[in-house]
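A quick write-up on the structure given underneath.
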4 protein chains.
Amino acid sequence: MTPGAPRGETCVKMGRPSNTAERRAQIVDALLTVVSKEGYARATIAAVAREAGLTAGLLHYHFASKQEILVALVERLVARLEERFQTRLAEAGDEPRARLFAWVDAHVALGADADPRAVAAWVVIGAEAVREPEVRDLYTAALVASRDRLRTLVAACLRAAGRSTRSSDRIAAALLSAIEGAYRVNAAAPGVLADGWAAPTLRRMIDAWIESEPAR
Amino acid sequence: MTPGAPRGETCVKMGRPSNTAERRAQIVDALLTVVSKEGYARATIAAVAREAGLTAGLLHYHFASKQEILVALVERLVARLEERFQTRLAEAGDEPRARLFAWVDAHVALGADADPRAVAAWVVIGAEAVREPEVRDLYTAALVASRDRLRTLVAACLRAAGRSTRSSDRIAAALLSAIEGAYRVNAAAPGVLADGWAAPTLRRMIDAWIESEPAR
Amino acid sequence: MTPGAPRGETCVKMGRPSNTAERRAQIVDALLTVVSKEGYARATIAAVAREAGLTAGLLHYHFASKQEILVALVERLVARLEERFQTRLAEAGDEPRARLFAWVDAHVALGADADPRAVAAWVVIGAEAVREPEVRDLYTAALVASRDRLRTLVAACLRAAGRSTRSSDRIAAALLSAIEGAYRVNAAAPGVLADGWAAPTLRRMIDAWIESEPAR
Amino acid sequence: MTPGAPRGETCVKMGRPSNTAERRAQIVDALLTVVSKEGYARATIAAVAREAGLTAGLLHYHFASKQEILVALVERLVARLEERFQTRLAEAGDEPRARLFAWVDAHVALGADADPRAVAAWVVIGAEAVREPEVRDLYTAALVASRDRLRTLVAACLRAAGRSTRSSDRIAAALLSAIEGAYRVNAAAPGVLADGWAAPTLRRMIDAWIESEPAR
DNA sequence: CATGAATGAGAATTCATTCAT
DNA sequence: CATGAATGAATTCTCATTCAT
């Protein structure tokens, strides 16, 4: 830890206005770009600095370690996804199935607010999570949040359709896996699956499953 | 110098008998262990050699580069999966749905012939495929083969059920993604999804979808 | 990362002042010393660093590769020789034969501005040029420049002596070869040829040949 | 030193006839090829073995070390040159100038008995001599022998022309240097000097110099 | 004689991190 | 805040040499 280095957001003292927040964002963005293009192993501090137009020394002024930048990146990807979901949720209204589809769309749709770099980076992060406890914790937390929300959304659909909710967990697991798997295939073996297959397919899968569940 | 492929069975000149095949297998196995525990970036030649109880120099005697060992590992994982599938297929008989379930089981089941290291390694390989063309090619080839086989198996099920086969591609894509995603979640965020969820869930999903397809 | 060329004189942002130029010179000088004593193959990065009193890492901070240091060394040797020639040329005045002798002297004389390491290094570089294209290009360029200049100087002498210039090329070739050969013999088999033989011998050779050429 | 390894030529005991002599020649030839194409640093035991169609282990059965192969190569190059000279000398008869030209021709001519690999190898050996005492000794011995013979041949020419022999040494030194330099330039910067320039030029130089020497 | 596995001491190069300016 | 030199530990890979078979 560099003593005195600015890790917080607030700046009580005046003087030269701090650009820490923007610099950190800029660095995280550069990491996102490099990771998505080259993978984590090649995302050296020097490469990230070059991408950001900064120096390696400065990166270490704003972040104590390379790991810390990765953590910030994960947080940012999760936050962006959350924004995407909230936007779609607001448009979805109260209908449970629309709300579930909003979740699916937020994850797979390639709308104007989509960042193609994010998918590749997310795949890399999943692999990195296999071994870095700190990354694993963040990744796990993100998945747990997704899983729980998904469960709730699925259960609401089942309930609205007058079906038993005992399969909520399984449907949620299948959806979550399919999303993560689609990311992965798309990033690591592009072209294997047709573009845009995911959203309509998953909607169709949801419908089929709900119809086939027994009544409550 | 990587020794060439075994030059046949006859050995006119005497000399030291070759143990290349076993050594290569031993090295690949060590890579599998290390990758599954530590990820590719930490799977240094030294670490793999240590795991195998060999010297780093010897690894380079049998493989020209670290990459080449990874390639051999991918080939081995694919071959093992194929074996698992063929075994289950033989038991499945002619019933189309049983054959499709054989495919699912070969991919997710954790039977006696399952190697828990393989899942973690496969996740790492997918991430590595994002940037190493040679790895990507192998990974892509494996997925393409899976996708095509899956498509055929799904279409056979639909046909046997008297349904239209127009959704074969989508169902195959969903299954493949779910499998890849399940691997990933299982390896990178263990505990997020319940143990053993996958096989029954995917079977259920298949059944539901087939039932909901329109008649041919 | 090799730092780029000095970015001019102005320095808007403050920060650590660059010492790249001196460091690079220091490293090249250390390579010169080591190569002249041990040959290129033994001029390892570690050996050069030790000679320079620096760390191996720092050498790679200032030069991207070992090759690049060698290239800088060749450039420096060529530049030094050029200086030596220009100095002598200034003293030689306008007399063509004096100007040609200035060239000879610049190449063979062991005056105050001579660096005994340079001869041994130049021999090694010639051998290295046999296989490294980049070194060969530099070496070839140096020889071509020498050959062309020599040709001009020789032709001027012949003309001033009222002789045909048709042998200019041959005389230049003989002189250039004799110089390169003298370097080589001197460095690789010291003592075989008497000290200081070259300058008077080559002058004598020039005189004899010019006298024996037919009149223009 | 491998005890019992065959280093001598005679083989008193009968049994499998020794192929040591041919094997050694084959290995030396392979070294010549590799050195001329790649330089000494890249002439690894493995590369030489590959070129010879043998194994690295076998090379070490026939030679105790890499150095020893190089020594054998130098000896062979010197021996071949001597053969070339003797052949031409036999054709030259008793005329001193013809005998001197025979020496020049043996060194520069590209006759049927010339091995283009030898020139490049000789250049590399000269560089290697800068640092390897054993190589330097051989190289020096070869040059001393050449120098002395040349001196005698030159003196005989001067005497036959009724000139003073006091410049014999210088002329010999100039010729030797020119030859070594021509080798070097030809190998390291091919194309800089015109093909076939050397023989006629050196003859011309010899003639001019002899004519210009004062009478005895 | 011959093969080919095995070793171990480097080799160049990379890179996160520190720190003087 | 920012620069850029400097470090030192790793990392991949090379290669002469040894030796069991």
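Every value quoted in this text rests on a predicted model; they were computed, and no experiment measured them. By convention in this document, chain letters (A, B, ...) are assigned in the order of the sequence lines, proteins followed by strands, and residues within each chain are numbered from 1. We use all heavy atoms of the structure for the numbers below, so side chains are in, but hydrogens, waters and symmetry mates are not.
Nucleotides of DNA chain E nearest to Q67(C) and G53(D) differ in position, and the one nearer the 5' end is that of G53(D). For P17(B) and A46(B), each mapped to the nucleotide of DNA chain F holding its nearest heavy atom, the one lying further toward the 5' end belongs to A46(B).
Taking atom NZ of residue K66(B) and atom P of nucleotide dT13(E), one finds them 19 Å apart after rounding to whole Å. Atom pair E22(C):CD and dG4(F):C1' shows a separation of 13 Å (rounding to whole Å applied). Across the protein-nucleic acid pair, L58(D) atom CG and dT17(F) atom P stand 15 Å apart, rounded to whole Å. Rounded to a whole Å, the CG atom of L54(B) is 10 Å from the C1' atom of dA6(E). Distance, Y61(A) OH to dG4(F) P: 17 Å, rounded to whole Å. H60(B) places its NE2 atom 19 Å from the P atom of dG10(E), with the value rounded to the nearest Å. Across the protein-nucleic acid pair, L59(D) atom CG and dG4(E) atom P stand 14 Å apart, rounded to whole Å. Across the protein-nucleic acid pair, R50(D) atom CZ and dT3(E) atom C1' stand 16 Å apart, rounded to whole Å.
Remark: dA12(E) base-pairs with dT11(F). Criterion, Watson-Crick or G-U wobble with two distances under 3.5 Å. In this entry dC1(F) has no Watson-Crick or G-U wobble partner, no candidate having both defining distances under 3.5 Å.
Considering only the side chain of T55(B), dG8(E) comes nearest among dA16(F), dG8(E), dT17(E). When each of dT17(E), dC15(E), dG4(E) is scored by its nearest atom to the side-chain atoms of T44(A), the top-ranked nucleotide is dC15(E). When the nucleotides dT17(E), dG8(F), dC1(E) are ranked by their closest atom to the side chain of A56(A), dT17(E) comes out on top. With distances taken from any side-chain atom of N19(A) to the nucleotides dT17(F), dA2(E), dC1(F), the minimum falls on dC1(F). Side chain of H62(A), nearest nucleotide from dA6(F), dA2(E), dA2(F): dA2(F).
Regarding contacts with the backbone of dA12(E), every side-chain N or O of S65(C) stays at 4.0 angstrom or more from both OP1 and OP2. Taking only side-chain nitrogens and oxygens, R23(A) comes nearer than 4.0 Å to OP1 or OP2 of dA2(F). Phosphate contact (OP1/OP2 of dC15(F), side-chain N/O of R42(D), threshold under 4.0 Å): absent.
Remark: side-chain polar atoms of R24(D) are paired, donor with acceptor, to backbone N or O of H62(D) under 3.5 angstrom. When atom types are taken as modelled, the side chain of E134(C) and the backbone of V71(C) share no donor-acceptor pair closer than 3.5 angstrom. A donor-acceptor pair under 3.5 Å is formed between the side chain of E68(A) and the backbone N or O of A64(A). Listed for the E51(A) side chain is no donor-acceptor partner under 3.5 Å among the backbone atoms of L31(A).
Taking 4.0 Å as the cut-off between side-chain N and carboxylate O, R117(C) and D29(C) count as a salt-bridged pair.
In this structure, I45(B) reaches the sugar-phosphate backbone alone: every heavy-atom distance under 4.0 Å involves primed, P, OP1 or OP2 atoms, never a base.
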**Message:** Please determine whether side-chain contact (heavy atoms from CB on, under 4.5 Å) holds for the pair F63(A) and V28(A), giving the CA-CA distance in whole Å, both sets of side-chain angles, and the decisive distance to 0.1 Å.
**Reply:** CA-CA 10 Å; F63(A) 291 91; V28(A) 168; 3.9 Å; yes
